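Bear in mind the structure is a predicted one, so any value in this text is a computation, not a measurement. Side chains included, hydrogens not; waters and symmetry mates left out as well; all remaining heavy atoms used.
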Amino acid sequence: MGPAQDEDSPRRDERGLFAVACIVGHWIVGALSAVVSIVEHWIVRALFAVARIVGHWIVGALSAVARNVEHWIVRALFARS
């Protein structure tokens, strides 16, 4: 029985190291995932801020066009009467 235990000892050490490597790897992946989530959050916020600004400009431009069209329609109607 003595030699069998000595032969299993390195395997047991390898399994222990493998378990530790799995745990540490899991922590590293979890930390990287958290960092990616935070970066993604800020990228999405920045994109929405840009979209809001661009949307505001587009709505302002369309509003100006609508005012001009309205002005010319009213002018045309009063010119005929």
Side-chain angles (χ1 to χ4, degrees):
M1 258 273 201
Q5 280 182 335
D6 291 338
E7 289 176 8
D8 284 342
S9 180
R11 286 187 178 164
R12 196 172 310 145
D13 289 343
E14 288 175 7
R15 283 184 284 179
L17 288 174
F18 181 74
V20 169
C22 287
I23 292 169
V24 171
H26 185 76
W27 288 342
I28 291 170
V29 169
L32 290 175
S33 177
V35 169
V36 167
S37 293
I38 291 168
V39 169
E40 176 190 15
H41 170 77
W42 286 106
I43 289 172
V44 169
R45 281 188 69 151
L47 289 175
F48 273 112
V50 169
R52 193 173 340 163
I53 292 167
V54 171
H56 185 73
W57 289 342
I58 291 170
V59 168
L62 291 174
S63 178
V65 168
R67 280 193 305 270
N68 285 335
V69 169
E70 178 189 21
H71 171 76
W72 289 108
I73 290 172
V74 169
R75 247 183 120 165
L77 288 175
F78 278 114
R80 291 184 184 197
S81 27

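Under the side chain to side chain contact (heavy atoms under 4.5 Å, CB included) criterion, Ile58 pairs with Val54, Leu62, sequence neighbours left out.
Counting heavy-atom neighbours within 6.0 Å of His56 NE2, excluding the residue itself, gives a total of 12 or less.
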Which pairs of donor and acceptor atoms, one on a side chain in residues 63-78, lie under 3.5 Å apart (sequence neighbours left out)?
residue : atom : partner : partner atom : Å
Ser63   : OG   : Arg67   : NH1          : 2.9

